[in-house]
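Worksheet: the structure to be examined is printed underneath.
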There are 2 protein chains.
Amino acid sequence: MAKKIPPPPSGAAADPSDPAPGAGGEGRFGCAFSRRRNRYHHGDLAQALVTAVRTLVERDGVEKLSISGACRMAGVSSAAPYKHFRDRADILRALCREGFGELREAMATAAAAIPAPGPDRLAALGKAYLAYAEANPGLFGVMFGMKRELHDPEDTRTHEIAHANMLIVIAEVGAALGEDPPGEEAHRLACVLWTFVHGAATLTLDGDYEAAGVEVDTHAMIDLAAHRLVPAR
Amino acid sequence: MAKKIPPPPSGAAADPSDPAPGAGGEGRFGCAFSRRRNRYHHGDLAQALVTAVRTLVERDGVEKLSISGACRMAGVSSAAPYKHFRDRADILRALCREGFGELREAMATAAAAIPAPGPDRLAALGKAYLAYAEANPGLFGVMFGMKRELHDPEDTRTHEIAHANMLIVIAEVGAALGEDPPGEEAHRLACVLWTFVHGAATLTLDGDYEAAGVEVDTHAMIDLAAHRLVPAR
DNA sequence: GTGGCGAAGTTAGCGTTGCTCACATAAGTT
DNA sequence: AACTTATGTGAGCAACGCTAACTTCGCCAC
């Protein structure tokens, strides 16, 4: 059958199905997605796909995400991903890992900015969580909203990262309570705080506050929760 | 071109793509989905489709939901829904309305069971919310997790129902605080409580507590939050 | 009853998706 | 230079959402 189009779509690779007005100002080469020059092999297709999926998820929402679209953006055929990932869910799992890592960093940074342990530092932690969600709404939705479809019992890495995030909170609550090492009370309060902040993030992202017709000041809410829930020492 | 199969798949309509082990014990006729007898017209296809979608969502999760599957379950062709609904999202919106109505009833009932206003009644409200979510995990996910894709500016009904739910909570918090009519403080605290309870629901349903490796007693958490957040009078 | 009309079904088919196959190419090792 | 192996390609499958054109049947006027 020979070869109809030997080195495929030449160079311009950023054509994610619809025009995407002006979207990324990537040049002809060197953009994060496209293959290097006109090479047959991509270089790092796995990461390029994850990045493409991420930008598509942020641009159009999870529900409109298609792997085909990401392939178009990366400038490869729609069969290429399966050399690197088992299936669609596997790609999303890789994206999740990226996200959990970033979230953890963001929280650690925020905590370090507050000198002493206590409600204020916990509030800062919560605000960092919320800020990350608002800055990466699509990714956040994938990270926390697709557990059922992405769940893979063999994938321990993702769990470990998520657990590490939890440990940060528990440690901080323990420090605020003066428990060292953090005990049962710290554990319980950490869960309550995470639950609250996560609720704020999801309700914000999903537009549920608006839908319910209420106006909220999420930062004020976090401050209030942190100070009322964590008893003063 | 004549008629190949005049009254289509005779009677047995419960064949939603895969066997569905034992699933619904519906008889040959009279099940909630299938058309009445072998009639060409269904009777109430709109409701039957919503019901079918609901059971599929609960059985397989939102991500695996297909309208075709619901059609198979209702015993109609895959083009039939579009006589009643604009598109897929329209069907899901109808399902959401059903859910919000039920949720509201559940909360109202739970509140009525506690004699006096106060933290205990608020906790009961929250537990009812959580219980509804746990009893209808798929539906709950659709109701709150698909705002972006289901959003329709012309659909005011759904918003009204969601707002009505919020008003219940605000009124109860107002009563607990002794504010009548409920003021700004009641409003803010109601948002905080909803946020917390909603967070508990989503983290539970998505399996995030498990993923993070923590064990939680959600009822105890709700009690704690209600009592610490709502100041004693 | 009869006839016509419109609502609510039908089949056929389009374009897209996720994924698999057999094959082509390039990179690296010997 | 030859062989091996990782990584790409195109063709093609079944399923999906949705449209178009046609058929069936309930209902209402007469």
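Of the listed nucleotides (D/dG17, C/dT17, D/dG8), D/dG17 has the atom at the smallest distance from the side chain of B/S66. Listed nucleotides: C/dG18, D/dG10, D/dC16. Nearest to the side chain of A/S77: D/dG10.
By the salt bridge (Lys or Arg N to Asp or Glu O under 4.0 Å) test, A/D206 is found to be paired with no residue, residues two or more places apart in sequence or in another chain being considered. The ring pair (Phe, Tyr, Trp, His ring centres under 6.0 Å) check on B/Y209 picks up A/W194, with sequence neighbours excluded. Legend: residues meeting salt bridge (Lys or Arg N to Asp or Glu O under 4.0 Å) with A/R104, ordered by chain and number and at least two apart, are absent. A search for ring pair (Phe, Tyr, Trp, His ring centres under 6.0 Å) contacts involving A/F144 returns A/F100, A/F140, A/H198, not counting sequence neighbours. Every residue two or more places apart in sequence or in another chain that forms a salt bridge (Lys or Arg N to Asp or Glu O under 4.0 Å) with B/R86 is listed here: B/D152.
Rounded to whole Å, atom P of D/dC18 lies 13 Å from atom CG of B/L49. Regarding A/K64, its NZ atom lies at a distance of 17 Å from the C1' atom of D/dC16, rounded to whole Å. Whole-Å rounding puts the A/L56 CG to C/dG18 P distance at 11 Å.
Near DNA chain C, meaning a heavy atom under 4.0 Å from it, residues 79-95 of chain A has A/A79, A/Y82, A/D87, A/R88 in order of number.
For the pair A/S78 and C/dT17, the criterion of a side-chain N or O lying under 4.0 Å from OP1 or OP2 is not met. Within the structure, every side-chain polar atom (N or O) of A/R72 is placed at least 4.0 Å from both OP1 and OP2 of C/dT16.
A/T51 and A/Q47 share a donor-acceptor pair across their side chains, judged by distance under 3.5 Å alone.
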